[in-house]
Each structure stands twice: as structure tokens, then as C-alpha cells.
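Every chain is numbered from 1 and lettered A, B, ... according to where its sequence line falls, protein lines coming before strand lines.
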Protein chains: 2
Amino acid sequence: MKVSELSAQSGVSVATIKFYLREGLLHAGLQTAANQADYDGGHVRRLRLIRALIDIGELPIAAVRAALTAVDDESTSLHDAFGAVMHGLDTVPPDDPAPDIAAARREVDAWLQRRRWKIEPDAPAPHALASAVAILRQFDFPVALAHFDEAAASAERSAEFEVGYARGMADRAAAVETMLIGTVVFERALAEIRRLALEAVSARIERQQGSGRRRRV
Amino acid sequence: MKVSELSAQSGVSVATIKFYLREGLLHAGLQTAANQADYDGGHVRRLRLIRALIDIGELPIAAVRAALTAVDDESTSLHDAFGAVMHGLDTVPPDDPAPDIAAARREVDAWLQRRRWKIEPDAPAPHALASAVAILRQFDFPVALAHFDEAAASAERSAEFEVGYARGMADRAAAVETMLIGTVVFERALAEIRRLALEAVSARIERQQGSGRRRRV
DNA sequence: GTATCTAGATAGTGCTACTATCTGTTGACG
DNA sequence: CGTCAACAGATAGTAGCACTATCTAGATAC
């Protein structure tokens with residue numbers, strides 16, 4: 001397969017494919033001459049993965065590269081490869097967080113311990129959750145970590161399914177790829193469902209109040 | 001309050017405050033002289049809102065402006081103001097989506113109808129959900145919209161709580177602001193919880209398989 | 001046999017979110 | 001009263017990101 005065909009099949013422009021090759025996101029094709037190389041279905045699939053991480057997961061190029069490096073490195077365990085993606089999704093926290101975030105962070109850590117969720121010490125997610133909680137409190141939301149227990153239990157169930165599904169795959173590469181896509185794309189899908197629910201509920205209540213109680217807000 | 005004090009209280013640099021003033025995200029202070037203006041707690045709060053939308057919601061400046069304009073316009077209903085934020089969260093879909101996305105989109109629309117979720121026709125969320133579904137299928141996930149029924153029911157319950165909470169507020173401005181923050185920040189918090197669940201479950205299973213079955217993956 | 005395509009290298013673009021500098025006041029302090 | 005940092009407002013500049021365009025020299029397709 002020539003680069004023009006790869007471009008056509010993947011929907012990614014030739015210029016961008018070259019860019020990804022340079023950036024080390026896409027491995028080179030099989031070189032057949034000084035200026036000829038042959039690409040295959042693996043390249044198409046890899047390009048789809050890259051585009052999904054960028055478009056859906058909104059990962060920066062550097063994070064995509066880190067994730068794909070972990071995918072390709074056979075010596076990286078499935079869990080560690082997966083961790084590499086997670087780290088790319090969130091931004092790393094500063095060394096000196098604001099006091100209200102630090103307080104929320106301690107609550108988050110205690111909550112994680114209660115749930116028996118073992119999280120890598122330098123994972124960005126606990127900090128991100130603490131930030132969210134701190135901001136909610138700044139805006140007078142009376143929020144406690146316990147409010148998230150139900151969501152956490154539900155997330156745990158679906159995580160068990162997802163991880164089990166990926167682990168059941170034939171080879172490691174497929175398993176890691178599945179974890180990546182699942183993590184990023186399901187997250188997006190669930191977020192969209194939440195947005196849809198909010199819009200639907202908001203519209204319904206607006207209608208009810210608009211007709212019934214004639215209250216303009 | 002002078003601009004330096006506003007900067008200190010909000011954690012936003014003076015240069016950035018000026019930038020937000022120029023961009024119309026922050027209303028000017030009360031002018032007391034040709035080069036003096038007085039800012040108050042409302043400015044601090046607004047700056048916090050802006051930073052939350054940018055940092056947590058990752059909205060672009062233009063979307064923040066659109067959202068805040070809707071917040072400030074008393075003639076915009078709470079639901080419409082809220083819709084303005086939602087539109088800023090997702091990117092607008094192209095006119096001619098790929099065929100697999102178009103197919104998924106039809107399923108999404110049917111699903112929404114089954115749920116009796118009334119969604120604005122040009123809302124970006126259904127398209128985003130359809131894209132996610134299409135990508136999952138490209139990677140051989142056997143995904144049907146029905147799989148999201150449980151998540152949707154749960155999202156609907158929490159949306160009812162959120163919208164009710166916001167609607168119960170004293171004045172319209174506070175209600176809209178609460179909707180904004182709630183939408184954006186809770187979404188982030190839930191996403192982080194999902195990531196934490198995935199990491200915890202992945203670590204647990206890795207440990208189990210590592211010791212018990214001696215299977216390196 | 002010539003028009004098109006190719007790999008690889010280098011340089012440039014468009015966008016976003018700030019950031020820096022300048023100008024002409026103005027208030028605060030000693 | 002002087003002076004000096006801080007101020008508002010305007011203009012210009014910057015850094016980072018994700019491409020995109022151009023060029024060269026060689027290969028291919030008809």
C-alpha cells in the first residue's frame with residue numbers, strides 16, 4: 001500500500017501522515033526503494049488509534065506518543081501501558097497546590113483507602129478530583145466524597161467488565177489497544193450521555209414551569 | 001478593590017485580567033478616575049467562574065464568552081443559558097459525517113426518542129455520541145445503544161437533582177452560574193472517578209494474575 | 001518519456017491564550 | 001511638594017501546538 005492509499009483509507013492527509021512518521025507516532029513502512037515504502041493494514045489501524053486518541057480523547061501529540069510507546073513495548077505490562085495513557089489524559093499537578101485543594105486531596109486519599117482502590121502515588125487523577133471538589137465548594141456546593149460512592153461503585157463495575165474484556169483478548173497488543181480505546185472513548189460517550197440527560201431534564205422542567213407555574217427564570 | 005488586589009484574591013495575573021476585560025469575559029470595574037477603577041467581590045467570583053470553565057471545562061475563550069453572555073442576559077431563559085454552555089463543550093459536527101457515523105447517529109436519535117429525551121436538533125452531543133459509538137465499532141467493540149441504558153438512567157437521576165438544585169436558587173444569575181459550574185465540574189469529577197476505578201481494577205487484576213496464574217501479559 | 005508520485009528534510013502557517021511594553025495619568029507616602 | 005509605584009487602556013509580541021507547504025532527488029505508471 002502506498003502512502004496515498006493509506007491516506008485515502010484512513011482519512012488522514014499525506015502531509016499529516018508524514019508528520020506522524022516524523023513524530024514517531026506511526027512506524028515507517030517497509031522500504032522498497034530509496035523513495036518507496038509499503039504500508040499495510042497495521043498502519044491503517046494505528047492511524048485510526050492515533051486519531052481516536054487525538055479527536056476523542058483530546059490527548060496532545062506527546063501523550064499519544066507516550067501511550068503508543070507503552071503499547072509497542074512488549075516488556076511493559078498491560079497495567080503499566082494502560083497507566084501511561086491515564087497519565088496523558090490529565091495534566092500533572094503543581095508542586096504547591098492551593099490550600100483548599102490540598103485539603104480536598106487528603107479527603108480524596110482517605111476515600112480511596114476506604115474503597116480499597118490502590119492508585120499509583122503520582123497519578124494525576126486524585127489531584128484532578130480534589131481540584132474539582134475544591135472548586136465546587138468555592139461555589140457553595142455542599143459536596144462530600146461520600147456523594148460519589150454510588151458513581152464509584154458503578155464505575156468499578158463497568159471497569160471490571162472493561163478490564164476483563166481487554167484481558168481476554170488473544171494477544172497483548174490487542175489487549176492494550178482495546179484498553180486505550182475503551183478508556184478514552186467510553187469516557188467520552190458517558191460524558192455525552194450525561195450532557196444529553198442534563199439538557200433533556202432541563203428542557204422538561206423548563207416546559208413544566210413555563211406552562212404550569214408561569215414562572216420566568 | 002484595585003486590580004492588584006483582585007489579582008491577588010483570584011490568583012489571576014493582572015495582565016490576564018486585563019486580557020479578560022478586553023475580551024469581554026469580565027465586566028469593567030466602577031471607574032473612579034481616568035486611570036482608576038474599583039472592583040468588588042463579584043469580579044472575584046466571576047474570575048473564579050472563568051477559570052473553572054477554562055481549567056476544568058477546558059472551554060475556549062470564545063465559548064466562555066458565549067456562556068457568560070447568556071448568563072448575564074436576563075432575557076435568556078435558564079434552559080437556554082445552560083444550552084449555550086453545552087454547545088461550547090462539544091465541537092460542532094461537520095455537514096457530511098462519515099457513513100458509519102451517520103448510521104450511528106440515526107441509532108442515537110432513535111434511542112433518544114425511546115428515552116423521551118428531547119434534545120435540540122442542532123445540539124452537538126448526539127453527534128459526539130454517535131462518533132464515539134462508530135469508533136468503538138471500528139475497533140470491534142460490539143456496542144449497542146441499549147448498553148448505555150443504565151448509565152443514562154443514572155445520569156437522568158443525577159441531572160434531576162442538579163437541575164432542581166439550581167432552579168431552587170434565589171435569583172436567576174445564581175441559578176445559571178450553579179448550572180454552569182455543576183455541569184462542567186461534576187462531569188470532570190465523574191470522569192476522574194471512572195479513571196480511578198479503571199486504574200484500581202486494572203492494578204488489582206494485574207496483581208491477581210501476576211501471583212496466581214503467573215501469566216505475563 | 002514525461003507527468004505523477006514518492007520519501008525525507010526544512011521551513012512556514014494559523015490559531016489560541018496569554019504576556020510585555022508603552023503612554024499618559026493618578027493616588028499614596030514621606 | 002515631590003516622587004514613585006500603581007493604574008487604565010492600547011498595541012504589539014510570544015510560546016506552544018498541530019499541522020501544512022515547499023523543495024529535492026529519485027521511482028513509477030501509462
Side-chain angles (χ1 to χ4, degrees), chain A residues 1-40 43 46-68 88-92 94, chain B residues 1-40 43 46-68 88-92 94:
Chain A
M1 190 190 303
K2 298 191 286 192
V3 76
S4 55
E5 201 177 338
L6 177 60
S7 168
Q9 281 197 28
S10 62
V12 178
S13 79
V14 173
T16 301
I17 290 173
K18 286 186 177 187
F19 171 67
Y20 291 160
L21 286 166
R22 278 200 303 283
E23 291 291 314
L25 304 189
L26 188 65
H27 51 286
L30 182 68
Q31 194 135 3
T32 59
N35 65 346
Q36 301 294 123
D38 196 40
Y39 304 93
D40 59 17
H43 289 90
R46 175 54 63 100
L47 273 176
R48 276 211 288 254
L49 178 56
I50 294 169
R51 293 309 318 176
L53 293 178
I54 290 175
D55 292 340
I56 309 290
E58 291 175 4
L59 271 82
I61 296 283
V64 173
R65 181 172 38 230
L68 294 179
L89 285 167
D90 277 317
T91 50
V92 279
Chain B
M1 192 190 303
K2 298 192 285 192
V3 77
S4 54
E5 202 177 339
L6 177 60
S7 168
Q9 281 198 27
S10 63
V12 178
S13 78
V14 172
T16 301
I17 290 174
K18 286 186 177 186
F19 171 67
Y20 291 160
L21 287 166
R22 279 201 302 282
E23 290 291 314
L25 304 189
L26 188 65
H27 51 285
L30 181 68
Q31 194 134 3
T32 59
N35 66 342
Q36 301 296 125
D38 197 40
Y39 304 94
D40 60 18
H43 290 90
R46 175 55 63 98
L47 272 177
R48 276 212 288 256
L49 178 56
I50 293 169
R51 292 309 318 176
L53 293 178
I54 290 175
D55 292 340
I56 309 289
E58 291 176 3
L59 271 85
I61 296 284
V64 174
R65 180 173 35 231
L68 294 179
L89 285 167
D90 278 316
T91 51
V92 278

Atom-to-atom span, CE of B/Met1 to C1' of D/dA6 - whole angstrom: 16 Å
Please collect all ring pair (Phe, Tyr, Trp, His ring centres under 6.0 Å) contacts where either partner lies in residues 16-36 of chain A, sequence neighbours excluded, each pair once. A/His27-A/His43
Between CG of B/Asp38 and P of D/dA6 the distance, given in whole Å, is 18 Å
Please state how far atom CD in A/Glu58 lies from atom C1' in D/dG16, giving the value in whole angstrom units. 17 Å
Measure CD1/B/Ile17 against C1'/D/dA8 and give the value in whole Å, please. 13 Å
Test item: B/Gln31 side-chain N/O and B/Ala34 main-chain N/O as donor-acceptor pair under 3.5 Å: yes
Which atom of B/Leu21 lies closest to which atom of B/Leu26, heavy atoms considered: CD2-O, 3.3 Å
A/Glu23 backbone acceptor or donor facing A/Arg65 side chain under 3.5 Å: yes
Interatomic distance, A/Leu25 atom CG to A/Ile17 atom CD1 [nearest 0.5 angstrom]: 12.0 Å
Summarise how protein sits on nucleotides 25-30 of chain D as a single string, 5' to 3': B when a protein heavy atom is under 4.0 Å from the base, S for sugar-phosphate-only contact, - for no contact. -BSS--
Is there a side-chain contact between A/Arg46 and A/Leu68 in this structure, where contact means two heavy atoms from C-beta onward sitting under 4.5 Å apart? yes
Search all heavy atoms of A/Ser10 against all heavy atoms of A/Leu47 and return the closest pair with its distance. OG-CD1, 3.3 Å
Examine C/dT6: is either OP1 or OP2 under 4.0 Å from a nitrogen or oxygen in the side chain of A/Gln31? Give yes or no. no
Separation of B/Ile50 atom CD1 from C/dT16 atom P, in whole Å? 18 Å
Could you check whether any side-chain heavy atom of A/Leu30 comes within less than 4.5 Å of a side-chain heavy atom of A/Asp40, counting everything from C-beta outward? no
Qualifying residues under side-chain hydrogen bond (donor to acceptor under 3.5 Å, both in side chains), relative to B/Thr91, sequence neighbours excluded: none
Measure CD/B/Glu5 against P/C/dA28 and give the value in whole Å, please. 13 Å
Just the atom pairs and distances: protein N or O near nucleotides 18-20 of chain C's N or O, under 3.5 Å.
| unit_1 | atom_1 | unit_2 | atom_2 | d |
| --- | --- | --- | --- | --- |
| C/dC18 | OP2 | B/Tyr20 | OH | 3.2 |
| C/dT19 | OP2 | B/Thr16 | OG1 | 3.2 |
| C/dT19 | O4 | B/Arg22 | NH2 | 2.8 |

Are any non-hydrogen side-chain atoms of B/Ile61 and B/Ile54 less than 4.5 angstrom apart? yes
Report the residues that fulfil side-chain hydrogen bond (donor to acceptor under 3.5 Å, both in side chains) with B/Asp55, sequence neighbours left out, ordered by chain and then residue number. B/Arg51
Which pairs, protein N/O on one side and nucleotides 12-15 of chain C N/O on the other, fall under 3.5 Å?
none

Measure from NZ on A/Lys18 to C1' on C/dA9 and round the result to the nearest Å. 9 Å
Between D/dC17 atom C1' and A/Leu59 atom CG, what is the distance in whole Å? 14 Å
